[in-house]
Protein chains: 2
Amino acid sequence: MKQKVTIKTIAKELGVSTSTVSKALRDSHEISTETKDKIRAYADHYNYKPNNLALQLRNQKTKVIGVILPKIVHHFFSTVINGIENGAREKGYQVIVCFSNETYQSEVDNLKVLSNGSVDGLLVSIAKETLQNKKFNHFIDLVNEEIPLVLIDRVIDSIQCDKVIVDDIGAGYKATKHLIDRGRKKIAFLGTPEHVNVGLLRQNGYAKALKESNMPVLRERIIEIDDEKDVKPQIDRIIKEDIDAIFAVNEIYAANAIRSAKENGLRVPEDVAVVGFTDGLISEFSTPSISAIVQHGYTMGKQAVELLIERIENEGETFAPRTKVVSSNLNIRESS
Amino acid sequence: MKQKVTIKTIAKELGVSTSTVSKALRDSHEISTETKDKIRAYADHYNYKPNNLALQLRNQKTKVIGVILPKIVHHFFSTVINGIENGAREKGYQVIVCFSNETYQSEVDNLKVLSNGSVDGLLVSIAKETLQNKKFNHFIDLVNEEIPLVLIDRVIDSIQCDKVIVDDIGAGYKATKHLIDRGRKKIAFLGTPEHVNVGLLRQNGYAKALKESNMPVLRERIIEIDDEKDVKPQIDRIIKEDIDAIFAVNEIYAANAIRSAKENGLRVPEDVAVVGFTDGLISEFSTPSISAIVQHGYTMGKQAVELLIERIENEGETFAPRTKVVSSNLNIRESS
DNA sequence: TTTTAACACGAAAACGTTTTCGGTTAATGT
DNA sequence: ACATTAACCGAAAACGTTTTCGTGTTAAAA
């Protein structure tokens, strides 16, 4: 990199002190218009830009917030980032994004680098592996250091911080209720293993709706898909069972269910209705298009960043952790 | 934020100098094992973490690379980030990602904050609006300051820097050739306005394949979809024309084309074959699934970050700009 | 006993800013 | 003519590190 022009070089070049240059550039009244003009002209001409690192080191404020998400190639998280970005920009904050790739180690690493003073606060959605291990010490340490932290979507109760979650129980209930209202009697649930707590909550909503209509919650109609590789065979299996509807816990599973159904000569929605979770592009462009719970990722991201900035800018006053619940809608399309 | 423990506090607390603490923590031979142990114990206990900003300010190296992309909710760019992330991690670099949302102003703003010393180098894919305005001064300034820069996918020739692009002409050619081989005679092209140069290149490939087979390149079979809102009506129009195949410049257009075809009672691929660009989830889960050019976003990201890091670590030696061309494959599915 | 060498540590500069506290000059008021 | 006050500017500290160069001990060698 080329030798950058700093306040020092300007000062030396113009025969004034660094203080004068600094003040001139910040338009202080202490400096005469004459010297101001001179300094400004020089700075302009040589394209002076203040060094952020130095500023941040001095101010002990970075005006940037760090985000750690499990994965990037994922519609929901993309929209969350979008919301964060916009919320942050409004308040004059920068956003830097890292990904844990669903692994514990990456999460810890990212946390370490970001909590070294590079950011004023953190937004994170916990990695699957971490959820599974139940190792949360890196987060506990964070709150002990009083670094502002807001958890998004994938949260755990024992961490004392602000949280933004979706009403997963309600969403599971809504989706199931919708299928029941459509006259379906044998509704299967396509979920993830227990440790991903949002999956469990959605399952609770599913069970709640069934019970309310005096329908049995049958173990064999609930599948927990463990390995990403096993999606297809497991769905193939359930589709051949005696069912007339499927509530899938995400978009991919829903799309796979439809494909399996078609391959087995079933019509959607006539023979088997399908409702998904996460309303993304797949749901929209699938044939038939898929009814799905729309998670308001944008809203969640925006709310989260607002909570965070509030914490950051009121440091000192330690008020109690807050939790925002963002509700979700069912977007009814052709598959149900 | 709580009062952080720094080298200074350790020094004061233990009655030694900051130099000693620094050296002890970096395991210098100059320090006796005795004091080393004492200092390490203290640092451990109080969870000392070196302040990144201070380090970076001193070293004039941040070990982070900045990425500016047009949008996040986009499969291709997601995979690019993935490649960048992994490539960077291998070399011990952090990645921070910003988005221009396809606007010129955001691009300039992001560039400004990142080029303030926060990053060692930049990876960017140019925003649509910038491409349209043809205002590239912010990039020119960057290369004048000798800040390492690598352009990805959406590049322009007048910027003297490393570039990673896909073989858009070849890809357009492959897709069109495939349709011709399938016996199609009247192939339409669904593209973007000229200023997005990748669109133009793909169109050139399309034309090349047609000419090679002595087929006419008809103006009325080429549509440039300008506004994102106009997608549907424009596609509806072309689908009613006398055509038997469509080559769409991206996934969304391809999916829309299929939907339009079905709505007009046409069978895919019997009546009209469809090939898309960007092989993402939509292509996979659409019915019929869509044949598509797979852009190797992951590879591009990885190559780009490798070029960049090479520049960063060999600063001084100014070697000529290099351009890497990543080829693409056609993934043949049901729609053709 | 004196010289030398090894060892353990500290002072200070440097990275690029901002800000507080003076200090100098000139103009103004009496 | 003297005191006061503006107006303008500079010195230095501070943010948290690392590193170079000294310097003071101590122990070994001469």
Side-chain angles (χ1 to χ4, degrees), chain A residues 1-40 42-43 46-64 113 115-120 145 315, chain B residues 1-40 42-43 46-64 113 115-120 145 315:
Chain A
M1 242 182 284
K2 193 195 276 186
Q3 169 65 13
K4 297 212 83 168
V5 27
T6 77
I7 277 199
K8 280 192 177 176
T9 61
I10 301 184
K12 189 172 299 175
E13 216 56 34
L14 261 41
V16 294
S17 78
T18 60
S19 343
T20 307
V21 176
S22 174
K23 287 174 191 164
L25 294 174
R26 324 198 81 234
D27 201 17
S28 158
H29 65 277
E30 299 185 14
I31 307 296
S32 68
T33 356
E34 200 179 0
T35 31
K36 268 188 202 169
D37 287 347
K38 192 175 60 176
I39 290 174
R40 290 225 195 87
Y42 189 98
Y46 287 98
N47 193 20
Y48 164 78
K49 297 187 227 166
N51 182 307
N52 245 330
L53 295 175
L55 279 180
Q56 295 172 1
L57 180 59
R58 170 155 233 281
N59 302 331
Q60 302 292 85
K61 287 258 167 247
T62 66
K63 278 279 186 179
V64 358
V113 289
S115 67
N116 269 295
S118 322
V119 301
D120 288 346
E145 291 175 50
E315 62 157 310
Chain B
M1 239 180 287
K2 195 194 277 186
Q3 169 64 14
K4 297 212 82 168
V5 28
T6 77
I7 278 198
K8 280 191 177 176
T9 61
I10 301 183
K12 189 171 299 176
E13 219 52 39
L14 261 43
V16 294
S17 78
T18 61
S19 343
T20 308
V21 177
S22 174
K23 287 174 191 164
L25 294 174
R26 323 198 83 235
D27 202 17
S28 159
H29 65 277
E30 301 185 15
I31 307 295
S32 69
T33 352
E34 201 179 359
T35 32
K36 268 189 204 169
D37 287 346
K38 193 176 59 177
I39 290 174
R40 290 223 195 88
Y42 190 97
Y46 287 98
N47 193 21
Y48 165 78
K49 296 186 226 166
N51 181 307
N52 244 329
L53 296 173
L55 279 179
Q56 295 172 1
L57 180 59
R58 168 156 235 282
N59 301 331
Q60 301 292 84
K61 288 256 167 250
T62 67
K63 277 280 188 180
V64 0
V113 288
S115 66
N116 269 289
S118 323
V119 301
D120 288 346
E145 291 175 50
E315 63 156 308

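Both backbone and side-chain heavy atoms feed into the values below; hydrogens, waters and symmetry mates do not.
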Asks: I need the NZ-P distance between K61(A) and dC15(D), as an integer number of Å.
Replies: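 After rounding, the gap between these two atoms is 16 Å.
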Asks: Between D120(B) and K61(B), does at least one N-O distance fall below 4.0 Å, as a salt bridge requires?
Replies: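 The answer is no: the pair does not qualify as a salt bridge.
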Asks: Would you say dG16(C) has OP1 or OP2 under 4.0 Å from some side-chain N or O of Q60(B)?
Replies: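 Indeed, a polar side-chain atom of Q60(B) lies that close.
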Asks: In Å and rounded to the nearest 0.5 Å, what is the CG to CG distance from L55(B) to N116(A)?
Replies: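 One gets 8.0 Å once the value is rounded to the nearest 0.5 Å.
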Asks: If I take atom NZ in residue K38(B) and atom P in nucleotide dA8(C), what distance separates them, rounded to the nearest angstrom?
Replies: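 It is 13 Å, rounded to the nearest whole Å.
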Asks: Does the protein touch nucleotides 17-22 of chain C at the base, only the backbone, or not at all? Give it as B, S and - per nucleotide, heavy atoms under 4.0 Å.
Replies: BBBB--
Asks: Specify the separation, in whole Å, of atom NZ of K12(A) and atom C1' of dA14(C).
Replies: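 To the nearest whole Å, that distance equals 13 Å.
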Asks: Atom NE2 of H29(B) to atom P of dA8(C): distance rounded to whole Å?
Replies: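 The answer, rounded to whole Å, is 9 Å.
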Asks: In Å, rounded to the nearest 0.5 Å, how long is the span from NZ of K38(B) to CG of L14(B)?
Replies: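 Spacing of NZ (K38(B)) from CG (L14(B)) equals 5.0 Å.
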Asks: Take atom CG of L53(A) and atom P of dC15(C), then tell me their distance rounded to the nearest Å.
Replies: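 To the nearest whole Å, that distance equals 14 Å.
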Asks: For the pair Q56(A) and N52(A), evaluate side-chain contact (heavy atoms from CB on, under 4.5 Å) and give the outcome as yes or no after the intermediate values.
Replies: CA-CA 6 Å; Q56(A) 295 172 1; N52(A) 245 330; 3.8 Å; yes
Asks: Please give, in whole Å, the distance from dC15(D) P to Q56(B) CD?
Replies: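 Value for this atom pair: 19 Å.
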Asks: Separation of I39(B) atom CD1 from dC9(C) atom P, in whole Å?
Replies: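 In whole Å, dC9(C) P lies 8 Å from I39(B) CD1.
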Asks: Would a distance-only check, ignoring hydrogens and angles, find a side-chain to backbone donor-acceptor pair under 3.5 Å from K4(A) to E145(B)?
Replies: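 Checked: no pair found.
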Asks: How long is the gap from CZ on R40(B) to OG1 on T33(B), to the nearest 0.5 Å?
Replies: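 If we round to the nearest 0.5 Å, R40(B):CZ and T33(B):OG1 are 9.0 Å apart.
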Asks: In whole Å, what is the span from the CG atom of L57(A) to the C1' atom of dA14(D)?
Replies: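 It is 9 Å, rounded to the nearest whole Å.
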